[in-house]
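Shown next, in structure tokens, is the structure this report addresses.
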Number of protein chains: 2
Amino acid sequence: MAAAAGRRVTAADVARAAGVSPATVGFVLNNTRGQTISESTRARVLEAASRLAYRPNSAAQALVSGRSRIILLVLPDWPLEFLLRNWLDEASRVLDESGYSLVTYARRPNGATRPLWESLNPDIVFGLVPFSDDDFVSMRGCGIRRIYPDPARWDNTELRMAVRTGPELQVAHLHERGFTKLVYAALEEPRPYSLVEARHRAACDHADSLGLPPPDLRLINYRDGSAERVVRDWHAAGVTGVVAFNDDVAATVVGAALRAGMRVPADLAVIGHDDSLIAATFAPALSTIGFDTTALGRGFAYFALHEVEGHPLQRWQAPENAAELVHRETT
Amino acid sequence: MAAAAGRRVTAADVARAAGVSPATVGFVLNNTRGQTISESTRARVLEAASRLAYRPNSAAQALVSGRSRIILLVLPDWPLEFLLRNWLDEASRVLDESGYSLVTYARRPNGATRPLWESLNPDIVFGLVPFSDDDFVSMRGCGIRRIYPDPARWDNTELRMAVRTGPELQVAHLHERGFTKLVYAALEEPRPYSLVEARHRAACDHADSLGLPPPDLRLINYRDGSAERVVRDWHAAGVTGVVAFNDDVAATVVGAALRAGMRVPADLAVIGHDDSLIAATFAPALSTIGFDTTALGRGFAYFALHEVEGHPLQRWQAPENAAELVHRETT
DNA sequence: CTGAAAGCGCTTACAG
DNA sequence: CTGAAAGCGCTTACAG
């Protein structure tokens with residue numbers, strides 16, 4: 001047998017085993033609409049395919065259909081893992097039900113020079129922050145027709161959740177608690193980062209809408225011991241609240257403040273972002289923003305399906321209460 | 001022009017523009033060895049390809065060559081992000097230089113039902129822990145010839161770094177500092193997990209070789225407040241040292257111990273794993289195991305290249321000092 | 001040194 | 001209801 005010879009099983013093998021043509025194998029296995037198949041033929045094909053453990057060659061399918069059924073999600077150059085865990089699980093699950101595979105790809109400065117979309121041939125590419133012009137041109141050149149965010153449609157709710165909703169809730173909470181002189185804090189490492197800028201901008205915009213001065217962006221180092229001095233300087237400059245990029249940053253700031261002999265939140269209030277494990281664990285426990293990542297992941301998957309199938313949603317229905325303030329001890 | 005018509009540029013388009021055959025385009029662009037090409041022809045082809053921004057269709061290449069030039073790395077169902085950041089950057093960079101793309105894939109219980117190797121057609125699949133028999137069969141059925149770890153070659157040094165080296169250093173350090181009654185701690189969430197078991201086993205083995213009793217595996221919850229009681233119970237039972245799966249777990253244990261009024265490390269010593277950001281940030285700062293993730297990523301890439309090209313390395317040269325103890329305040 | 005031809009494994013009009 | 005044929009975009013013997 002062909003299969004026994006070490007060769008991979010092809011549609012032709014299945015056809016031979018079932019006593020039909022390769023075309024019929026395709027009709028049965030793909031449930032080709034507009035094509036009627038007798039019950040007995042269908043049964044024989046299915047039996048043979050299952051017995052031979054036939055798996056279509058995805059490269060051949062991609063070549064002939066012009067579609068890879070791969071959805072590529074390009075992640076920004078900044079830690080998102082905690083937020084993304086359930087999100088990706090759920091999104092992958094939903095997309096899989098429709099025959100799509102979700103591949104994630106962290107595009108980093110010193111990473112691969114040949115971007116992954118070149119070898120993967122995805123049907124659609126998503127990013128959480130806008131793509132550079134170079135990336136855009138590169139994707140187009142690889143025959144990728146659907147790229148998101150599309151500059152013309154940049155205010156999508158899914159992206160708001162990743163970028164704007166958190167900072168807005170953070171600033172609003174500090175404002176409510178009476179902390180009005182704020183800074184926006186992120187870490188120097190691992191590298192420069194686009195998502196920090198986007199969230200910082202959202203924080204500034206929301207501060208402005210509340211009549212607060214814009215929180216300056218401050219980068220801190222978590223290893224060299226300089227954080228204590230930095231935090232003390234903030235205090236001396238009258239800063240009363242810190243909007244942290246994520247809970248790790250918040251923990252770093254709180255730790256530094258405690259070492260510097262300050263009281264949290266009396267001397268300095270700090271709010272994190274993500275409601276990650278460390279937020280509940282840290283002493284004092286961190287106030288933060290929690291997200292219903294499963295609901296958001298499902299929402300993304302539906303959105304992606306509509307886009308990739310060429311039926312874009314007219315408007316995006318955000319999950320109710322997908323983001324919420326978690327008030328603990330640092331504000 | 002074809003390109004202007006919205007169609008993707010093909011080798012035939014380049015051939016037409018350069019006044020040669022499609023075959024010649026392939027010879028030039030692939031530097032086909034054993035095929036001599038005149039300088040003028042080569043120049044014309046390269047010029048045309050560059051002018052038209054030609055990108056070979058990867059599906060067609062995969063179909064005809066039987067190789068996708070994709071390397072799939074299946075990650076375990078447990079947080080590894082901090083460790084993997086530089087590791088993946090470096091591995092991707094090195095593999096890219098040889099024309100391979102590294103795709104990562106977190107295989108999770110409620111994740112996609114159709115595994116990614118089916119749609120990606122990778123040339124080789126790596127896992128950090130052994131694959132289930134089902135997965136193994138599934139990969140074989142998809143025509144994947146190279147799967148790693150191969151049960152027959154399971155003691156590879158790369159994997160030791162992910163699985164055994166850290167726990168060994170953790171146990172050895174606690175032993176040296178005089179902490180001999182140990183538990184191995186991990187978090188209940190997000191879910192069951194294979195890497196925890198593997199590391200716990202490594203810790204037990206090393207404890208045994210040092211003449212210590214095996215540290216029991218204990219799962220703790222970081223949200224429901226039960227951790228304080230659990231930690232107090234450990235203390236009451238005479239436990240003096242905690243080997244934590246990673247720094248997040250260590251932070252949770254230390255935080256619970258402090259809230260329970262215990263002294264760290266006097267009442268309970270705790271050692272983390274990863275030297276992540278939180279290890280340096282936490283108050284008290286966590287003792288932990290740091291890894292030279294860049295060197296390890298590079299090492300993996302070389303190893304993967306040899307495997308995928310069919311020239312397996314006879315033995316693997318581990319980077320010197322790729323793992324080291326970082327002694328801070330919790331031991 | 002270069003081109004015409006076959007073929008990778010599928011899908012999809014088109015006949016019958 | 002089913003099959004023979006063409007074709008997706010490449011690569012690679014094989015001629016010349």
Side-chain angles (χ1 to χ4, degrees), chain A residues 2-3 7-46 48-49 52-69 99 118-119 121 123 141-143, chain B residues 2-3 7-46 48-49 52-69 99 118-119 121 123 141-143:
Chain A
R7 247 195 48 228
R8 180 169 176 186
V9 176
T10 68
D13 296 327
V14 176
R16 216 169 298 125
V20 299
S21 72
T24 301
V25 171
F27 294 148
V28 171
L29 265 33
N30 299 328
N31 270 313
T32 310
R33 14 176 308 142
Q35 183 72 36
T36 45
I37 298 282
S38 74
E39 252 331 299
S40 70
T41 301
R42 175 183 306 278
R44 263 182 301 138
V45 169
L46 291 174
L52 299 179
Y54 168 63
R55 299 276 154 216
N57 180 318
S58 56
Q61 287 183 314
L63 178 60
V64 68
S65 70
R67 310 186 51 194
S68 62
R69 302 194 78 82
E118 209 165 295
S119 35
N121 242 327
D123 292 336
C142 291
Chain B
R7 249 195 45 231
R8 181 169 173 186
V9 176
T10 69
D13 295 327
V14 176
R16 216 169 299 125
V20 299
S21 72
T24 301
V25 172
F27 294 146
V28 171
L29 264 33
N30 298 328
N31 270 313
T32 310
R33 15 176 307 143
Q35 184 69 36
T36 44
I37 298 282
S38 74
E39 251 332 299
S40 69
T41 300
R42 175 183 306 278
R44 262 182 303 138
V45 168
L46 290 174
L52 299 180
Y54 169 62
R55 300 274 153 217
N57 180 318
S58 56
Q61 287 183 313
L63 177 59
V64 68
S65 69
R67 310 186 50 195
S68 62
R69 303 195 78 82
E118 209 164 294
S119 35
N121 242 329
D123 293 335
C142 291

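All chains are named by letter (A, B, ...) in the order of the sequence lines, taking the proteins before the strands, and each is independently numbered beginning at 1.
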Between [X] ([atom1]) and [N] ([atom2]), how many Å, whole number?
| X | N | atom1 | atom2 | answer |
| --- | --- | --- | --- | --- |
| Asn57(B) | dG7(D) | CG | C1' | 13 Å |
| Arg55(B) | dG9(D) | CZ | C1' | 16 Å |
| Leu29(B) | dC10(D) | CG | P | 10 Å |
| Gln35(A) | dA15(C) | CD | P | 15 Å |
| Arg67(A) | dT11(C) | CZ | P | 13 Å |
| Arg33(A) | dT11(C) | CZ | P | 17 Å |
| Asp13(B) | dC8(D) | CG | P | 12 Å |
| Arg69(A) | dC10(C) | CZ | C1' | 15 Å |

Distance-only donor-acceptor check, side chains Ser68(A) and Asn121(A), under 3.5 Å: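 Looking only at side-chain atoms, Asn121(A) and Ser68(A) do not form any donor-acceptor pair under 3.5 Å.
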At 4.0 Å (heavy atoms only), tell me whether [X] reaches a base, stays on the sugar-phosphate, or touches nothing.
| X | result |
| --- | --- |
| Thr36(B) | base |
| Ala23(B) | base |
| Thr32(B) | nothing |
| Val20(B) | sugar-phosphate |

Passing option when Val20(B) is tested against Ile37(B), Thr41(B), Val14(B) for side-chain contact (heavy atoms from CB on, under 4.5 Å):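 Single pass found, and it is Thr41(B).
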Give a yes/no on whether any side-chain N or O of [X] is located under 4.0 angstrom from OP1 or OP2 of [N].
| X | N | value |
| --- | --- | --- |
| Gln61(A) | dT11(C) | yes |
| Thr24(A) | dT2(D) | no |
| Thr41(A) | dC1(D) | no |

Paired nucleotide for dA13(C) [Watson-Crick or G-U wobble; both distances under 3.5 Å]: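 For dA13(C), the partner nucleotide comes out as none, under the 3.5 Å rule.
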Nucleotide forming a Watson-Crick or wobble pair with dA4(C), both distances under 3.5 Å: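 dA4(C) is unpaired by these criteria.
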When you measure from the side chain of [X], which nucleotide among [options] comes out closest?
| X | options | result |
| --- | --- | --- |
| Leu63(A) | dG9(C), dC10(C), dG7(C) | dG9(C) |
| Asn30(B) | dT11(D), dG3(C), dC10(C) | dT11(D) |
| Ile37(A) | dT2(D), dC10(D), dA4(D) | dT2(D) |
| Phe27(A) | dT11(D), dG3(D), dC1(C) | dG3(D) |

Under 3.5 Å donor-acceptor, Arg16(B) side chain and Ala11(B) backbone: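 Looks like no, no N/O pair under 3.5 Å.
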Polar side-chain atom of Asn57(B) near backbone of Ala59(B) as donor-acceptor pair, under 3.5 Å: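 Present.
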Gap between atom CD of Gln61(A) and atom CZ of Arg67(A) - 0.5 Å precision: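 Reported to 0.5 Å precision, the distance equals 11.5 Å.
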Atom pair CZ (Arg44(A)) and OG1 (Thr24(A)), whose distance is rounded to the nearest 0.5 Å: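 Separation between the atoms: 9.5 Å.
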Given DNA chain C, 5'-ward residue of the pair Ser65(B) and Arg42(B), judged by closest heavy atom: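 This one resolves to Arg42(B).
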Residue mapping more 5' on DNA chain C - nearest nucleotide basis, Thr10(A) or Val64(B):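 Result: Val64(B).
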